[in-house]
Amino acid sequence: LKVELLMATPQEQISESAKVCYGTKLIRDGGKDITSTLVHEHKHLASLRFAYATVAIEGVSVACQNQIVRSKHLDFMVQSKRYVNASKGGFEFIMPKGLTRKQQDMMMTAWIYSKSMYEDLIESGVKKEDARAVLPANTSTKLNVTGNLQGWWSFFTLRLNSHAQSEIRELAEKIFDLLQLEYPLVFTEDVRTRLRN
Ligand SMILES: Cc1cc2nc3c(=O)[nH]c(=O)nc-3n(C[C@H](O)[C@H](O)[C@H](O)COP(=O)(O)OP(=O)(O)OC[C@H]3O[C@@H](n4cnc5c(N)ncnc54)[C@H](O)[C@@H]3O)c2cc1C
């Protein structure tokens, strides 16, 4: 699993967008950053919609992707299995964590069989967009996800939680790490702990 930050608007945009409400001085004019008070005390959450972050995700399963794209306030660009080819290393199998050696072997047997059927179908003239029907839910994929910070907050609320499925939970932790570096006043450790429980 690999997650990278592609783009992010500066944290101070959150604070600056809300100062029109109070007539307070902007940071560039010597004012303070009021992000923390806005978000954590006043719950002035519209301010979170003035900053956007985009992440690139690689090495998640299609099953995980199906959960990610249910987030209504995020947007997505996902790898197309109509164009990418498994035989050129385009995708792999994402092994669920915590399986015994024997269970992993069972999964690998099914994966090797499906992949070879997929390749044979293509070889026999079936289009990739149809041959992909035999690939399992844990075939790997890549996607870019973008959204404003309130959209990301909703994602963390659902997916850092202990009820979320393990693959998406691990992904949510990694994205939280990245966004915490960019927005330390928003995505604090306190928030993470609260959302996990
Ligand atoms: C543990 C877990 C198990 C799940 N299992 C299943 C399952 O078995 N089957 C299944 O189909 N889905 C399942 N889901 C997906 C779930 O039903 C939601 O679709 C998904 O989590 C997005 O939730 P959301 O719409 O609340 O949040 P988001 O899409 O992140 O939206 C954020 C918030 O915006 C508001 N909002 C969004 N859309 C609307 C709207 N149309 N009208 C009014 N307010 C809106 C709501 O306040 C919402 O909480 C599961 C999710 C989780 C976390």
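Atoms within a ligand are numbered from 1 in the order they appear, just like the ligands themselves.
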Colleague: Output yes when a protein non-hydrogen atom is found under 4.0 Å of atom 9 (N) of ligand 1, and no otherwise.
Modeller: no
Colleague: Counting only non-hydrogen atoms of the protein, does one fall under 4.0 Å from atom 6 (C) of ligand 1?
Modeller: no
Colleague: Does either side chain, that of Ser61 or that of Glu167, offer a donor lying less than 3.5 Å from an acceptor on the other one?
Modeller: yes
Colleague: Answer whether the closest heavy-atom distance between the side chains of Leu179 and Phe156 falls below 4.5 Å.
Modeller: yes
Colleague: Indicate yes or no: does an N/O atom of His163 lie under 3.5 Å from an N/O atom of ligand 1?
Modeller: no
Colleague: Going through the distances and angles, do Met7 and Thr146 end up as a side chain to side chain contact (heavy atoms under 4.5 Å, CB included)?
Modeller: CA-CA 9 Å; Met7 279 170 269; Thr146 194; over 6 Å; no
Colleague: Give a yes-or-no answer on whether the side chains of Asp190 and Thr188 include a donor-acceptor pair shorter than 3.5 Å.
Modeller: no
Colleague: Is the closest protein non-hydrogen atom to atom 3 (C) of ligand 1 under 4.0 Å?
Modeller: no
Colleague: Does the pair Arg28/Glu16 count as a salt bridge with the N-to-O cut at 4.0 Å?
Modeller: no
Colleague: Considering all protein heavy atoms, does one lie under 4.0 Å from atom 43 (C) of ligand 1?
Modeller: no
Colleague: May I ask you to list the atoms of ligand 1 that are less than 4.0 angstrom from any heavy atom of Ser154?
Modeller: 30 (O), 32 (C)
Colleague: Do Leu185 and Val39 have side chains that get closer than 4.5 Å, going by heavy atoms?
Modeller: no
Colleague: Please could you name the atoms of ligand 1 that Ser71 approaches to less than 4.0 Å, counting only its heavy atoms?
Modeller: 29 (O)
Colleague: Going by heavy atoms in the side chains, are Phe50 and Ile14 under 4.5 Å from each other?
Modeller: no
Colleague: Heavy atoms of the protein only: does one fall short of 4.0 Å from atom 27 (O) of ligand 1?
Modeller: yes
Colleague: Do you see a protein non-hydrogen atom under 4.0 Å from atom 31 (O) of ligand 1?
Modeller: yes
Colleague: Can you check whether Phe91 reaches Val62 side chain to side chain, under 4.5 Å on heavy atoms?
Modeller: no
Colleague: Going by heavy atoms in the side chains, are His73 and Asn148 under 4.5 Å from each other?
Modeller: no
Colleague: Return yes when at least one protein heavy atom is under 4.0 Å from atom 49 (O) of ligand 1, and no when none is.
Modeller: no
Colleague: Tell me whether atom 37 (C) of ligand 1 lies less than 4.0 Å from at least one protein heavy-atom position.
Modeller: yes
Colleague: Pairs of nitrogen or oxygen atoms closer than 3.5 Å, one from Arg70 and one from ligand 1: do any exist?
Modeller: yes
Colleague: Note the single closest protein heavy atom to atom 29 (O) of ligand 1, along with its residue, its atom name and the distance in Å.
Modeller: Lys72 N, 2.7 Å
Colleague: Here's a test for you: under ring-ring contact (aromatic ring centres under 6.0 Å, His included), which of Tyr183, Phe187, Trp153, Trp152 qualifies with Phe176?
Modeller: Phe187
Colleague: For atom 23 (O) of ligand 1, find the nearest protein heavy atom and state the residue, atom name and distance (0.1 Å precision).
Modeller: Leu158 CD1, 3.3 Å
Colleague: Please state which option from Gln67, Arg159, His73 has its nearest heavy atom closest to atom 51 (C) of ligand 1.
Modeller: Arg159
